[in-house]
Amino acid sequence: MKGISPLSLRRYNLFFQKHKISREKFSSLLSFLFTFAFLILDPDPIFTETIPSRPNELILITRFSKQEKKEPETLAIGSLEFRKQTFSPASTFKIYLTLSLLENHIVSLDEKQKCADKHIPNSPRDLDLREALFYSSNEYFEKVFSELGKEKLDRTLLRIGYIPKTKKGKAEPWWIDLDGLKHGGRIRLKPDEIHSHWVRIFGDGYSYPKEIVSDWKKSLFWSECKERAANVYGKTGSWEKSFWFQGALVQGENDYVIYTVLDRDPAASRTRTIQRFYELVGCTVPSLE
């Protein structure tokens, strides 16, 4: 610990021994208190009042304005030990599959596919791209993938740094089969990596042409938030007992608050993570039908 005297360091260690508290729990407490101050003292809050963390849940929050030049900071609340582990991105992977589809002009925003996913209300039904992402349709993306193919998808994923490359510049093996497309196959990432990719969409858009980024964001639109005079963008994901919701609260063209919620509690569900995000930002949950 650079800058801490031996006496201070000894007192620091005695504190943990006396109170029988682990450093991870202490860090989690500090994170919570810092976040509380951040939310309450913000002169122009875009958050609701702070909400106590839940067991087996990690929340990552990044707030930034395009008018500010400084690098945005990310706050972490809850089960901080999850930050050291890797997880399947689950259906948040479809965010970047969508980018590849748009980049290669395979789909348009208005094009519809008839899908019969059992988890989608009132299916079979016709879904456009935004609806396919909103309901996380697997059938939609399986149908359009045949025209895209893995080689073009790999190029997109390598370009944005979503997957590692071999010494020959090829994608590291991640593909399992078409069924594995819905959760990104063998890809495993840390929560901060999954979060930073999501943040960057609303930052520089990976330096893609404005037309592609505009359509990409439109496909990720979830709802209007009248309470905050903002728009909500998002994507759900669930795989291997992990439930994700990645949300973005966007005010105008410059102010962004980006969330990643990871819930691994036995009571976790898709609906619960969605409700958690909307509770955090103080917006009304849209109809999920």
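Remember, predicted model here, so these are calculated numbers, not experimental data.
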Can you list the steps and then say if Thr74 with Val199 is a side chain to side chain contact (heavy atoms under 4.5 Å, CB included)? CA-CA 10 Å; Thr74 296; Val199 169; 5.6 Å; no
Nearest 0.5 angstrom please: Ile59 CD1 to Thr273 OG1, how far? 11.0 Å
Tell me, do Val232 and Leu249 make a side-chain contact under 4.5 Å, heavy atoms counted? yes
Centres of the Phe93 and Trp239 rings: under 6.0 Å? no
Just by distance, with hydrogens left out, do Ser136 and Lys235 show a side-chain donor and acceptor under 3.5 Å apart? yes
Salt bridge flag under 4.0 Å for residues Arg272 and Asp263: yes
Residues 210-220 side chain polar contacts: donor-acceptor under 3.5 Å, at least two apart:
residue: Trp216; atom: NE1; partner: Ile95; partner atom: O; Å: 2.9
residue: Ser219; atom: OG; partner: Trp216; partner atom: O; Å: 2.6

Ignoring hydrogens and angles, tell me if any N or O in the side chain of Arg186 forms a donor-acceptor pair with the backbone of Pro173 under 3.5 Å. no
Between Leu133, Val261, Thr92, Ile274, which is the residue that forms a side-chain contact (heavy atoms from CB on, under 4.5 Å) with Thr236? Ile274
Indicate whether any N or O donor in one side chain lies under 3.5 Å from an N or O acceptor in the other, for Thr260 and Gln246. yes
Same apolar cluster: Ile194 and Phe243, side chain cutoff 4.5 Å: no
Evaluate the side-chain proximity of Thr284 to Glu227: yes if any heavy-atom separation is below 4.5 Å, no if none is. yes
Could you check if a side-chain atom of Ile201 sits within less than 4.5 angstrom of a side-chain atom of Leu99, using non-hydrogen atoms only? no
What's the separation between atom CZ in Phe82 and atom NZ in Lys190, rounded to the nearest 0.5 Å? 14.5 Å
Check for a donor-acceptor pair, side chain of Ser88 on one end and backbone N or O of Ala90 on the other, with a separation under 3.5 Å. yes
Looking only at the side chains, is there a donor atom on one of Asp154 and Trp175 sitting less than 3.5 Å from an acceptor on the other? no
For Asp128, all residues meeting side-chain hydrogen bond (donor to acceptor under 3.5 Å, both in side chains), sequence neighbours excluded: none
Which of these, Gln85, Glu193, Glu240, sits in a side-chain contact (heavy atoms from CB on, under 4.5 Å) with Arg188? Glu240
Without swapping roles, check the side chain of Ser79 against the backbone of Glu57 for a donor-acceptor pair under 3.5 Å. yes
So, do Val281 and Arg228 sit near enough that their side-chain heavy atoms are less than 4.5 Å apart? no
Got a donor-acceptor contact below 3.5 angstrom from the Asn104 side chain to the Ile106 backbone? no
What I'd like to find out is whether the side chain of Arg83 reaches to under 4.5 Å of the side chain of Leu60, using heavy atoms alone. yes
Pairing residues for Ser108 by the side chain to side chain contact (heavy atoms under 4.5 Å, CB included) criterion, not counting sequence neighbours: Glu111
Using side-chain heavy atoms (C-beta onward) and a distance below 4.5 Å, is Trp244 in contact with Ser91? no
Once salt bridge (charged side-chain N to carboxylate O under 4.0 Å, His left out) is applied, what residue pairs with a partner in residues 87-98 remain, sequence neighbours excluded? none
Check disulfide bond (SG atoms under 2.5 Å apart) between Cys225 and all other residues, then give those that pass, not counting sequence neighbours. Cys283
Go through the structure and list residues passing ring pair (Phe, Tyr, Trp, His ring centres under 6.0 Å) with Phe245, not counting sequence neighbours. Trp222, Phe277
What I'd like to find out is whether the side chain of Asn56 reaches to under 4.5 Å of the side chain of Pro266, using heavy atoms alone. yes
Would you mind reporting whether Tyr135 and Arg125 have side-chain heavy atoms less than 4.5 Å apart? yes
Would a single hydrophobic cluster contain both Leu189 and Ile176, if residues Ile, Leu, Val, Met, Phe, Trp and Tyr are joined by side-chain heavy-atom contacts under 4.5 Å? no
For Ala248, which residues count as a side chain to side chain contact (heavy atoms under 4.5 Å, CB included) partner, sequence neighbours excluded? Trp198, Phe202, Tyr233, Val250, Ile258
For the pair Trp174 and Lys150, evaluate side chain to side chain contact (heavy atoms under 4.5 Å, CB included) and give the outcome as yes or no after the intermediate values. CA-CA 10 Å; Trp174 65 270; Lys150 180 179 176 296; 4.1 Å; yes
Heavy atoms of Ser223 and Tyr278 approach each other most closely as OG-OH, 2.8 Å
Please collect all salt bridge (charged side-chain N to carboxylate O under 4.0 Å, His left out) contacts where either partner lies in residues 196-208, sequence neighbours excluded, each pair once. Arg200-Asp204
Extract all donor-acceptor atom pairs below 3.5 Å that involve side chains of residues 160-169 and protein atoms in other chains or at least two apart in sequence.
residue: Thr166; atom: OG1; partner: Lys168; partner atom: N; Å: 3.3
residue: Thr166; atom: OG1; partner: Lys170; partner atom: N; Å: 3.1
residue: Thr166; atom: OG1; partner: Lys170; partner atom: O; Å: 3.4

Tightest non-hydrogen contact, residues Ser287 and Phe134, listed as O-CZ, 3.6 Å
Cationic tip of Arg159 within the cone over Tyr208's six-membered ring, i.e. under 6.0 Å and within 45° of the normal? yes
Acceptor/donor pairs from residues 141-149 side chains to any protein atom, 3.5 angstrom cut, sequence neighbours excluded:
residue: Lys143; atom: NZ; partner: Lys114; partner atom: O; Å: 2.4
residue: Lys143; atom: NZ; partner: Glu139; partner atom: OE2; Å: 3.4
residue: Ser146; atom: OG; partner: Lys143; partner atom: O; Å: 3.2

With sequence neighbours excluded, give me every ring pair (Phe, Tyr, Trp, His ring centres under 6.0 Å) pair touching residues 99-131. none
Tell me if a side-chain donor or acceptor on Asn254 pairs with a main-chain N or O of Ser65 at a distance below 3.5 Å. no
Once ring pair (Phe, Tyr, Trp, His ring centres under 6.0 Å) is applied, do any residues pair with Tyr206, and if so which ones, sequence neighbours excluded? none
Going through the distances and angles, do Arg155 and Glu103 end up as a salt bridge (charged side-chain N to carboxylate O under 4.0 Å, His left out)? CA-CA 11 Å; Arg155 282 203 294 267; Glu103 177 186 11; over 6 Å; no
